[in-house]
Amino acid sequence: MFLKRKTALVTGSTSGIGLGYAKALAGEGANVMINGFGDTAEIEKERLGLEALSGGKALYSDADMTKPASIAAMVATCAERLGGPDIVINNAGIQFVSPIEDFPDEKWDAIIAINLSSAFHVIKAALPGMKAKKWGRIINTASAHSLVASPDKSAYVTAKHGLVGLTKTVALEAATFGVTANCISPGYVWTPLVEKQIPDTMKARGMTKEQVMNDVLLAAQPTKEFVTVEQVVALAMFLCGDAAAAITGANLSIDGGWTAA
Ligand code: NAD
């Protein structure tokens, strides 16, 4: 339990990769604040499961990552009830697929807010505490789309590229304080986010589900396998350890070779 007495805050952790991070952090003894949307009873079940894993505390925040004031309040509540976050994982993210001519303005705004600006607001609120303790880990879930583009994903690609710039900047600002900031950039991981974009891509490109999976999603991934949540989580846990103290400002690909092409 190498994270005993640490506090971790993971945005977008009621589902998919984020929930995976939360479970692994709790499994190493960290108190965890989870966040995101979903069924209240289901979230409470997960929260209790995290407490059972860590033997410590787990809290849930329903803060909407489009709302800076709610984000600041979430970090403040975490600090009050669990201790200032030592580990922050900015992971909340949504996707919307459409050619740019038809891309709804409100979808652009929501993706930039949730996938990019929320990380700025969380880091702004959490970094002073980390600097004071001379220890911290900031991990931002970016994407292969932080390095390369795909058609019809203008907002997502823009947000993820932006997240890399934010991460590098924070890494430099925090470098002498024992605080690292890195991006993890997965290729396609089989989660609800990927599953949900299949119907939109079918519509946008006039394809069947099988065509979208094989010709669009896995077409880019040389291994022809989805990345697993467990693999992404294992990389994050490595970044939390002492062996990763010199890794900062990096954008770590875990994409089955996608961005090697
Ligand atoms: P997911 O849909 O399973 O989880 C997204 C989480 O974000 C959920 O907990 C959801 O409730 C939360 N969320 C959405 N809008 C929110 C808001 N306004 N405020 C607070 N929380 C909100 O998706 P996932 O696949 O686990 O994705 C997690 C992250 O990984 C995202 O940033 C995504 O871009 C990134 N990513 C995913 C893949 C993939 O293939 N699944 C690949 C690369 C990067």
Side-chain angles (χ1 to χ4, degrees), residues 9-24 32-40 42-43 46-47 60-75 88-97 106-107 109-119 121-122 139-150 153 155-164 166-167 183-198 200-201 212-213 216-218 220-221 223 225-233 235-236 251-256 258-259:
L9 187 161
V10 187
T11 70
S13 46
T14 52
S15 160
I17 299 167
L19 185 56
Y21 289 138
K23 286 180 178 170
V32 182
M33 177 169 253
I34 54 168
N35 156 260
F37 302 144
D39 177 69
T40 311
E42 195 55 40
I43 293 170
E46 296 294 357
R47 192 191 67 76
Y60 163 65
S61 162
D62 65 357
D64 182 341
M65 291 300 104
T66 63
K67 301 200 160 60
S70 305
I71 296 171
M74 172 183 73
V75 177
V88 156
I89 306 188
N90 291 300
N91 175 77
I94 59 166
Q95 176 61 286
F96 188 81
V97 180
E106 62 277 11
K107 291 286 182 196
D109 289 343
I111 289 177
I112 299 299
I114 296 166
N115 298 19
L116 174 58
S117 301
S118 75
H121 295 294
V122 173
I139 299 170
N140 298 322
T141 310
S143 161
H145 282 122
S146 73
L147 293 160
V148 295
S150 294
K153 296 185 177 176
Y156 188 87
V157 169
T158 303
K160 296 298 188 181
H161 275 65
L163 200 49
V164 174
L166 172 67
T167 305
C183 283
I184 292 180
S185 282
Y188 281 105
V189 188
W190 190 253
T191 68
L193 181 138
V194 168
E195 219 174 330
K196 271 187 273 181
Q197 66 186 282
I198 289 178
D200 291 341
T201 310
V212 171
M213 285 185 54
V216 179
L217 304 183
L218 294 178
Q221 218 146 281
T223 53
E225 305 269 0
F226 283 95
V227 179
T228 68
V229 169
E230 291 72 23
Q231 289 165 341
V232 175
V233 166
L235 180 53
N251 184 6
L252 303 168
S253 292
I254 175 161
D255 64 6
W258 176 348
T259 54

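We count ligands from 1, going down the list as the structure has it; atoms in each ligand are counted the same way.
The salt bridge (Lys or Arg N to Asp or Glu O under 4.0 Å) check on E42 picks up K45, with sequence neighbours excluded.
For the 3.5 Å distance criterion, the side chains of N140 and T167 qualify, holding a donor opposite an acceptor. If you check the side chains of Y156 and S150, you find no donor sitting under 3.5 Å from an acceptor. Donor-acceptor pairing under 3.5 Å is lacking for the side chains of S185 and S143.
Within 4.0 Å of ligand 1, the residues that place a heavy atom are G12, S13, T14, S15, G16, I17, N35, G36, F37, A63, D64, M65, N91, A92, G93, I94, I114, T141, A142, S143, Y156, K160, P186, G187, Y188, V189, T191, P192, L193, V194, listed by chain and number.
Using modelled atom types, one side-chain atom of H161 and one backbone atom of H145 make a donor-acceptor pair closer than 3.5 Å.
The aromatic rings of W258 and Y188 lie parallel to each other, with less than 30° between the two planes, well short of the 60° mark.
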